[in-house]
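Worksheet for the structure shown next.
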Amino acid sequence: MGQDEQIVTVADEYGNSPGLWRRMLKRLEVEGHTGHSNKDLDPVPPEMRTWNWWHYISYWISDNFTPSGWRKAASLMQIGMSWRIALLNVAVSEILIAAVITINGYVGAKYHISFTVQSRASFGYYFSILMICMRMIVGTFWYGISTYTGAECVRSMLYAISPRFRHLQNTLPESSHINTQFMISYFVYFVSILPLHYVPIHRIRFLFTVKAIVTPIIGFGIMGWTIANASVGKESLWSQGNTVHGSALGWVFMSGVYSNMGGWATLAVNAPDFTRYAISPRHTYTMAIALPFTATLITFFGVVGAAGSKVLFGQILWDPLLFIDNWTSPGGRAAAFFCALGFYLAQACANISANSISAANDLNCMFPRYINIRRGQFIIAFVGAWALTPWNILTSASSFLAFMSGYSVWLAPLCGVMVCDFFFVHKGKYDVWELYNKDGIYRYNKWGVNWRSVVAFFIGWVPLFPGFLPGVNKSIHVAKGAVHLYYLGYFYGFGAAALSYYVVCYFWPARETMLDVPVYCDDVLKAREIEENSSGESDSLEKRSN
């Protein structure tokens, strides 16, 4: 028995709290952890690489065919674009961000590691934790907002099941910013989605496949019904032109591109969290096509639905849930229920894929001894859905929403540094074993900080910050040029950070991290297997000698 074990035993005998505390912590440890890693943080073993090209297509159908995707054209038309220019805006922005996601996702597909591990190579073993924490905050926040949208889907289903539910008496105070009706819907959605957090990532692909089949059918069904009943070809929404012109239209267009690209900025950073489950890197290339195609298609559905709602219901409804809530006949309610059920499934898949799993990966990296992906998802679920009270945020915190929407100010340069580091600085050659070694080559210095990435990261976001401020606080006024630079934010942030990082690394390279030959995931797994077998043989020999 070692000295520590003796101390714990003696403390336990006398009922001292240190012994009790240590026992509790011991029980909380996840199975298979090594102190600095665990099975979920380790490279994905061959038997868990189960995602092929179809699963990545269905993944993006899952993320786009949601109520949020349906509403996408609304904000663009409100700032002055015609529906044609709005669709073009969505297509351009989605093509660009899909390229970034596919490129950065290649790292995960090649080395089968998550974003949290990948970031160590460019930012340093310990400084990468700050980058990880930034991404986790975004994921947790959007989990709560997406839970609110999921509750809207449940509310539409309850409307369809019981018309009386529409008139349920509210017993909550007005200051709570939520009524009894919606709180019931919110609770039902939250509880119903919890079991999905228990499903391992490499197996949850089946849910995306189901959703990829169901939701397009619903989308085409709503659009077909609308066209058949509303003759939307004559609706004024279709003939509405741009309300801004000239250079103003150009900057409005760039503002829309930045906003749409910013919506995927978090997934651009943590694309390896899912691509690491790919059978082969080539299976992930379909993302470059699936993302822009599905995003543009669902946006078009939204335009058709909005035009039809003006004719059918007397008002423009950009929200598909508000649209189907108007189907009040017995047959209409049945159709509304199944449509709302499809959107519920869509929102659940999007919330899991884009928010809970990614944020859980971040927690897993920061606390590998106690948190795996499954535990992390439950933590994110309770914090995001209840501690953040998204109904208060959506009702009364417009500045905070603007802040979170502009978060790509930091995420774009983060992604730019990582892409540049892999493709241009290290030329695709990483040592996976060293990425898990806190004292290895990717520590860079005694503080675990790669100063080169710190410089590039600040060059990427600091010039954008003045243009970001007016969106958060309307009383702040800055030069128009600063606002225009902010509209170019993702391009500048990504490009400036990548270029400056390359220049700094060119003149001051970290030579200890430059490899002639990459060390792959399977090399690590084989080495650990040999190490475990050797350890087992040593224990066996020791027992025999005793």
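One-based numbering along the sequence shown. Below, each value reflects all heavy atoms present in this structure, side chains not excepted, and no hydrogens, waters or symmetry copies.
- Here the side chain of Thr215 pairs no donor or acceptor atom with the backbone of Ala212 at under 3.5 angstrom.
- Remark: side-chain polar atoms of Asn104 are not paired, donor with acceptor, to backbone N or O of Val419 under 3.5 angstrom.
- Crowding of Ile289 atom CD1: a count of heavy atoms from other residues, nucleotides or ligands under 6.0 Å not exceeding 12.
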Stepwise, does the ring-ring contact (aromatic ring centres under 6.0 Å, His included) test hold for Tyr486 with Tyr258? CA-CA 8 Å; Tyr486 176 69; Tyr258 172 72; 4.8 Å; yes
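- A donor-acceptor distance shorter than 3.5 angstrom exists from the side chain of Arg374 to the backbone of Tyr198, with no hydrogens or angles considered.
- Under the 6.0 Å cut-off for aromatic ring centres, Trp70 and Phe65 do not qualify, their centroids lying 6.0 Å or more apart.
- Closest of all the heavy-atom pairs between Ile218 and Gly342 is CD1-CA, 3.4 Å.
- For the pair Gln315/Lys310, no side-chain contact is recorded, criterion being any heavy-atom separation below 4.5 Å from C-beta on.
- Residues Asn361 and Phe115 fail the side-chain proximity criterion, which asks for heavy atoms closer than 4.5 Å.
- Salt-bridge annotation for Glu47 and Arg203: absent, with no side-chain N of the basic residue lying under 4.0 Å from a carboxylate O of the acidic one.
- Figure legend: Arg333 and Tyr159 shown without cation-pi pairing, the cationic atom not lying both under 6.0 angstrom from the six-membered ring centre and within 45 degrees of its axis.
- In this structure, Phe337 places its CZ atom where more than 12 heavy-atom neighbours from other residues, nucleotides or ligands lie under 6.0 Å away.
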Audit row: Trp54, Phe208, ring-ring contact (aromatic ring centres under 6.0 Å, His included) steps and yes/no: CA-CA 10 Å; Trp54 165 249; Phe208 299 137; over 10 Å; no
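- At least one donor-acceptor pair under 3.5 Å links the side chain of Asn38 to the backbone N or O of Pro368.
- Looking only at side-chain heavy atoms (C-beta outward), Val30 and Arg369 stay at 4.5 Å or farther from each other.
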Applying side chain to side chain donor-acceptor pair (under 3.5 Å) to Thr275 and Thr284, what does each step give before you reach the verdict? CA-CA 7 Å; Thr275 57; Thr284 66; over 6 Å; no
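- At a threshold of 4.5 Å between non-hydrogen side-chain atoms, the residues Asn364 and Thr116 do not count as touching.
- When all heavy atoms are compared, the tightest approach of Ala348 to Tyr189 is CA-OH, 3.5 Å.
- In this structure, Met131 CE and Ile129 CD1 are separated by 11.0 Å, a value rounded to the nearest 0.5 Å.
- A ring-centre distance under 6.0 Å is found for Phe382 and Phe190.
- Within the 3.5 Å criterion, the main-chain N or O of Val90 finds a donor-acceptor partner in the side chain of Ser93.
- Arg282 CZ: 12 or fewer foreign heavy atoms inside a 6.0 Å radius.
- The structure places CE of Met183 at 7.0 Å from OG of Ser176, a figure rounded to the nearest 0.5 Å.
- Taken from CD1 in Ile324 to SG in Cys153, the straight-line distance is 8.0 Å, to the nearest 0.5 Å.
- The six-membered or imidazole ring of Phe468 lies near that of Trp410, with a centre-to-centre distance under 6.0 Å.
- Side-chain atoms of Gln118 do not come within 3.5 Å of backbone N or O of Gly108 as any donor-acceptor pair.
- Scanning all heavy atoms of the two residues, the minimum distance from Leu312 to Ala230 falls at CG-CB, 3.8 Å.
- Annotation: the span from Leu41 atom CG to Cys365 atom SG amounts to 5.0 Å, rounded to 0.5 Å.
- No more than 12 heavy atoms of other residues, nucleotides or ligands lie within 6.0 Å of CZ in Phe293, so this atom counts as exposed by the packing criterion.
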Go through Tyr344 and Ser192 one step at a time and tell me if the side chain to side chain donor-acceptor pair (under 3.5 Å) criterion holds. CA-CA 10 Å; Tyr344 161 86; Ser192 65; 2.7 Å; yes
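- For the pair Arg276/Ile113, no side-chain contact is recorded, criterion being any heavy-atom separation below 4.5 Å from C-beta on.
- When side chains are defined from C-beta on, Asn326 counts as touching Leu317, because their heavy atoms get closer than 4.5 Å.
- Here the shortest heavy-atom pairing between Asn179 and Phe182 reads OD1-N, 2.7 Å.
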Decide yes or no on side chain to side chain contact (heavy atoms under 4.5 Å, CB included) for Val303 and Trp318, but give the supporting numbers first. CA-CA 8 Å; Val303 173; Trp318 287 103; 4.3 Å; yes
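- The shortest distance between side-chain heavy atoms of Val92 and Ile95 does not fall below 4.5 Å.
- A distance below 6.0 Å separates the ring centres of Tyr186 and Trp386.
- At distances below 3.5 Å, at least one donor-acceptor pair connects side-chain atoms of Ser82 with backbone N or O atoms of Ile85.
- Ile103 is not listed as a side-chain neighbour of Tyr106, based on a closest heavy-atom distance of 4.5 Å or more.
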Check step by step if ring-ring contact (aromatic ring centres under 6.0 Å, His included) holds for Trp60 and Tyr56. CA-CA 6 Å; Trp60 285 110; Tyr56 287 103; 9.2 Å; no
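- Between Pro292 and Glu94, the closest heavy-atom pair is CA-CB, 3.5 Å.
- A distance of 15.5 Å separates OG of Ser356 from CH2 of Trp142, quoted to the nearest 0.5 Å.
- No side-chain donor-acceptor contact under 3.5 Å links Tyr143 and Gln377.
- Listed by chain and residue number, Phe301 satisfy the ring-ring contact (aromatic ring centres under 6.0 Å, His included) test with Phe220 (two or more places apart in sequence, or in another chain).
- Within the model, atoms CE of Met48 and CD1 of Ile201 stand 7.5 Å from one another, a figure rounded to the nearest 0.5 Å.
- The aromatic rings of Phe300 and Trp83 sit tilted, their planes meeting at an angle between 30° and 60°.
- The shortest heavy-atom contact between Asn89 and Gly256 is OD1-C, 3.3 Å.
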Begin with the C-alpha distance, continue with both residues' side-chain angles, and end with the deciding distance and a verdict on ring-ring contact (aromatic ring centres under 6.0 Å, His included) for Phe323 and Phe313. CA-CA 9 Å; Phe323 188 98; Phe313 313 123; 5.3 Å; yes
Side chain to side chain donor-acceptor pair (under 3.5 Å) between His283 and Asn52: does it pass, once the steps are laid out? CA-CA 5 Å; His283 288 292; Asn52 61 32; 5.6 Å; no
